[in-house]
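Everything on this sheet refers to the single structure shown next.
Just so you know, these numbers use all the heavy atoms, side chains as well, and skip hydrogens, waters and symmetry mates. We count residues from 1, following the sequence as given.
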Amino acid sequence: MKGIESLKEIFKYGAFSLPVANYLLCEGNIPGDCKRILDVLKLAWKGNFKEAIRRADKAVENSRSETAKYFLLANKLAFLKYTGKTDVNLYRYLKRNLPKMSKSIRDTVIVTLINFEASGIKPLRKVRVWKNDYRKSTLSFLYLSLARREADSGRLSEAVHDYIQAYRLSREVPHPTCIVSSLNDLAWDIREKHPKLAHALSQGAVFWLGYYREEPGNLFGALDTLFVVEKDMDSPSIHSTAHIIVSLPVPEDYLSLLKKAKKFVLDYTGSTYPNTSQLRRYVEKVAWKGKTLSSKGISDILKGKTKMIRADTIRKLLTSGVDTGAPFPVWNEWIKMEIERKYRESSEKLKELPFHQRQILFLTTYMALLDREFLSRKEKLKKAYTLLEDIESFADFMAKDHRTMEFVVSMVKAHPFVEGRKEAVKRALARMKRKRLERFVLRYIEMKESDRKLLDRFLRNYGRYDGVRFGIRLKGPEVVREFAKKYSLKVQPLFAAFWCEEDGRVRRRLERVLKHMVLYNLIEIAILFVMVEK
């Protein structure tokens with residue numbers, strides 16, 4: 001590799017090029033400037049902008065390449081924005097030196113400068129653009145930057161047009177960061193005037209976030225937007241968004257969001273609640289409307305004689321929807337009632353589907369969930385999967401707990417983030433023929449949960465990189481090829497999935513898991529052969 005220009009595929013896909021970055025850093029013979037740039041980018045992709053800025057400064061000091069310096073400084077300008085800071089002098093320096101930059105880097109810098117201008121900075125002369133001169137990935141970000149600049153200036157109709165162009169072009173690349181950002185930014189800009197449309201757009205952004213990213217990293221704002229929109233709409237689905245937020249690594253800038261989200265996370269097992277003053281005020285406001293409780297029961301609650309209020313009592317008070325500002329016990333019981341209602345609807349829909357389709361929905365849902373301890377015990381997981389053939393028995397088995405009921409709901413329609421992960425892993429499972437899928441599932445269920453989670457991530461990443469071309473052929477351990485052959489999967493997407501793992505120890509553990517899966521099937525085939533011979 002000659003230099004920064006050789007990293008053009010990294011720039012083309014942005015953070016989605018993580019496996020190539022890992023591969024080059026571990027296996028590739030690349031110059032020091034390229035290594036330092038990749039290290040900086042990887043930090044930014046995770047949302048660790050403060051450390052990325054520190055590393056960028058150090059890399060600029062050690063670099064002899066003017067092109068590398070300009071690229072690093074442009075990225076530093078972008079990182080500063082994410083930390084709530086601005087550097088007008090750096091903006092002016094980069095703008096002044098645009099004519100000195102090579103075209104390969106100038107395009108990237110121009111997009112960064114326009115983004116900076118969309119932060120409320122009012123320069124005497126804005127950066128000029130010539131849209132026809134850019135390749136598709138850069139052009140998509142250019143439209144996104146222009147949309148942000150227009151929205152900041154109050155020209156929303158023009159911004160909407162450019163957001164749509166950014167989304168359309170980035171889907172063709174694909175460039176996940178631009179896909180998610182264009183939908184998310186548009187949703188944020190229109191949330192007050194068009195809340196329902198903003199909700200749909202925000203859900204789309206979070207779907208693609210789940211499809212393309214294991215962890216949101218620098219795109220965590222998409223979950224923030226969805227949470228805000230759902231709270232403003234008093235949507236019951238905010239409890240699922242809250243659960244997703246608390247289950248993921250949260251960047252420092254979103255710790256306040258984490259605190260808010262924790263208030264909406266369900267207590268699935270609680271059956272009684274303390275009779276607090278807040279709860280009494282709520283009871284006083286609604287108790288007499290339908291009068292579903294006795295006068296004495298209401299009086300005892302309001303006077304504080306009843307110290308603990310049963311869940312059934314609270315449910316009798318719920319004659320209509322509940323807003324997000326209701327006391328937690330009221331909110332908690334309302335959401336559980338919503339889960340029960342959706343569970344009944346979902347069970348009926350599953351009855352109409354063929355057995356094989358129910359199997360795929362069960363597996364993709366399980367392999368996509370962030371939290372599944374309630375079903376992960378080998379015996380319980382095996383029983384649930386086996387009962388899919390008798391849907392009535394399956395429904396009865398899953399109706400025993402609100403968490404398993406919610407699992408059934410997610411089989412039909414999950415939270416957008418989970419639905420995206422389902423779609424990613426489905427691309428792997430759908431390629432397996434029925435007999436191979438059955439062999440896969442038998443071994444999968446017998447594995448310990450930590451190995452299951454690693455294999456799930458591996459197959460989700462396979463789905464994400466199926467059809468993506470990096471311009472170089474990735475290599476890796478032979479067991480990856482063997483796994484591909486045994487389960488009718490493509491080799492290059494599997495190698496990309498392998499190199500998504502940054503930790504060498506995790507990659508070695510993944511090799512052991514894949515060997516176990518391949519070995520098991522060889523043994524199984526031998527047993528089947530002996531049985532046929534007999």
Quick check: do Ile244 and Leu223 have side-chain heavy atoms less than 4.5 Å from each other?
yes
Counting only N and O atoms by type, is there a donor-acceptor contact under 3.5 Å from the side chain of Ser181 to the main-chain atoms of Thr177?
yes
Check the pair Thr225 / Asn184 against side-chain hydrogen bond (donor to acceptor under 3.5 Å, both in side chains), numbers first and verdict last.
CA-CA 7 Å; Thr225 299; Asn184 178 62; 2.7 Å; yes
Side chain of Ser376, backbone of Glu373: donor and acceptor closer than 3.5 Å?
yes
Under 3.5 Å: donor-acceptor pair, side chain of Arg464, backbone of Ala424:
no
Is there side-chain contact between Lys231 and Phe264, with heavy atoms separated by less than 4.5 Å?
yes
Indicate, with yes or no, if the rings of Phe362 and Phe407 have centres closer together than 6.0 Å.
yes
For the residue pair Phe49 and Phe79, categorise the inter-ring angle as parallel (less than 30°), tilted (30 to 60°) or perpendicular (more than 60°).
tilted
Below 4.5 Å, heavy atoms only, C-beta onward: do Phe227 and Lys260 meet side chain to side chain?
yes
Charged N-O contact under 4.0 Å between Asp451 and Arg509
yes
Return the orientation label for the His161 and Tyr143 ring planes: parallel under 30°, perpendicular over 60°, tilted otherwise.
perpendicular
Taking the side chain from Arg191 and the backbone from Trp188, do they hold a donor-acceptor pair closer than 3.5 Å?
yes
Do His175 and Tyr13 pass the ring-ring contact (aromatic ring centres under 6.0 Å, His included) test, and can you show the C-alpha distance, the side-chain angles, and the key distance before you say yes or no?
CA-CA 5 Å; His175 198 302; Tyr13 294 110; 7.8 Å; no
Check: Ala68 main-chain N/O paired with Asp33 side-chain donor or acceptor under 3.5 Å
no
Output for pair (Arg148 CZ, Tyr163 OH), nearest 0.5 Å, gives 6.5 Å
Go through it in stages, so that I can follow the logic: the residues are Phe328 and Asp267, the test is side chain to side chain contact (heavy atoms under 4.5 Å, CB included), and I'd like the CA-CA distance, side-chain angles, deciding distance and then a yes or no.
CA-CA 9 Å; Phe328 179 76; Asp267 178 2; 4.2 Å; yes
Roughly how far apart are Leu80 CG and Ile53 CD1, rounded to 0.5 Å?
4.0 Å
Yes or no on salt bridge (Lys or Arg N to Asp or Glu O under 4.0 Å) for Lys485 and Glu482, after CA distance, side-chain angles and deciding distance?
CA-CA 5 Å; Lys485 185 177 180 180; Glu482 292 175 21; over 6 Å; no
Between Tyr211 and Phe207, how do the two ring planes meet: parallel, tilted or perpendicular, split at 30° and 60°?
parallel
Side-chain (Arg427) to main-chain (Asn461) donor-acceptor, under 3.5 angstrom
no
Taking the side chain as everything from C-beta on, heavy atoms only, tell me whether Phe141 gets closer than 4.5 Å to Leu144.
yes
Taking only residues two or more places apart in sequence, or in another chain, which ones meet Glu172 in a salt bridge (charged side-chain N to carboxylate O under 4.0 Å, His left out)?
Lys136, Arg168
Residues forming a salt bridge (charged side-chain N to carboxylate O under 4.0 Å, His left out) with Glu419, sequence neighbours excluded:
Lys422
Glu501 and Arg457 ion-paired at < 4.0 Å:
yes
Could you list the residues that satisfy side chain to side chain contact (heavy atoms under 4.5 Å, CB included) with Val265, not counting sequence neighbours?
Ala242, His243, Val246
Return yes if a side-chain donor-acceptor contact under 3.5 Å exists between Ser235 and Ser237, otherwise no.
yes
Is the shortest side-chain N to carboxylate O distance from Glu502 to Lys46 below 4.0 Å?
yes
State, yes or no, whether a side-chain contact exists between Leu41 and Phe71 at a heavy-atom distance under 4.5 Å.
yes
Working to the nearest 0.5 Å, report the span between CZ of Arg106 and OG1 of Thr67.
10.5 Å
Taking Arg452 for the side chain and Met447 for the main chain, is one N or O donor matched with an acceptor at less than 3.5 Å?
yes
For residues Leu489 and Asp466, determine if any side-chain heavy atom of one lies less than 4.5 Å from a side-chain heavy atom of the other.
no
Can you label the angle between the Tyr93 ring and the Tyr70 ring as parallel, tilted or perpendicular, going by 30° and 60°?
tilted
Relative to each other, are the rings of Phe16 and Phe470 parallel, tilted or perpendicular (30° and 60° limits)?
tilted
As an exercise, state the distance from CZ of Phe483 to CG of Leu455, rounded to the nearest 0.5 Å.
5.5 Å
Is there side-chain contact between Leu24 and Cys34, with heavy atoms separated by less than 4.5 Å?
no
Indicate yes or no: does Arg460 engage Glu214 in a salt bridge with an N to O separation below 4.0 Å.
yes
Among His415, His239, Lys342, which residue satisfies the side chain to side chain donor-acceptor pair (under 3.5 Å) criterion with Glu406?
His239
Option from Leu113, Ile110, Asn89 for which side chain to side chain contact (heavy atoms under 4.5 Å, CB included) with Leu94 holds:
Leu113
I'd like to know if Lys58 pairs up with Glu61 as an ion pair, taking the criterion as any Lys NZ or Arg NE/NH1/NH2 lying under 4.0 Å from an Asp or Glu carboxylate oxygen.
no
Side-chain donor-acceptor pair under 3.5 Å between Ser247 and Asp371, yes or no?
no
Taking the basic N atoms (NZ, or NE/NH1/NH2) and the acidic carboxylate oxygens, is any pair closer than 4.0 Å for Lys42 and Asp39?
no
Can you measure from CZ (Arg421) to CG (Leu209) and round to the nearest 0.5 angstrom?
10.0 Å
Worked check of side-chain hydrogen bond (donor to acceptor under 3.5 Å, both in side chains) between Arg213 and Asn218
CA-CA 10 Å; Arg213 290 275 189 99; Asn218 59 352; 3.0 Å; yes
Checking Tyr82 side chain against Asn48 main chain: does a donor-acceptor pair fall under 3.5 Å?
no
Charged N to carboxylate O under 4.0 angstrom, Arg54 versus Glu51?
yes
Does Arg372 pair with Asp456 as a salt bridge, N-O distance under 4.0 Å?
yes
Rounded to the nearest 0.5 angstrom, the CG-OH distance for Leu201 and Tyr167 is 9.5 Å
Any Ser488 side-chain heavy atom under 4.5 Å of Met432 side chain
no
Give a yes or no on this: more than 12 heavy atoms of other residues, nucleotides or ligands lie within 6.0 Å of atom NZ of Lys50.
no
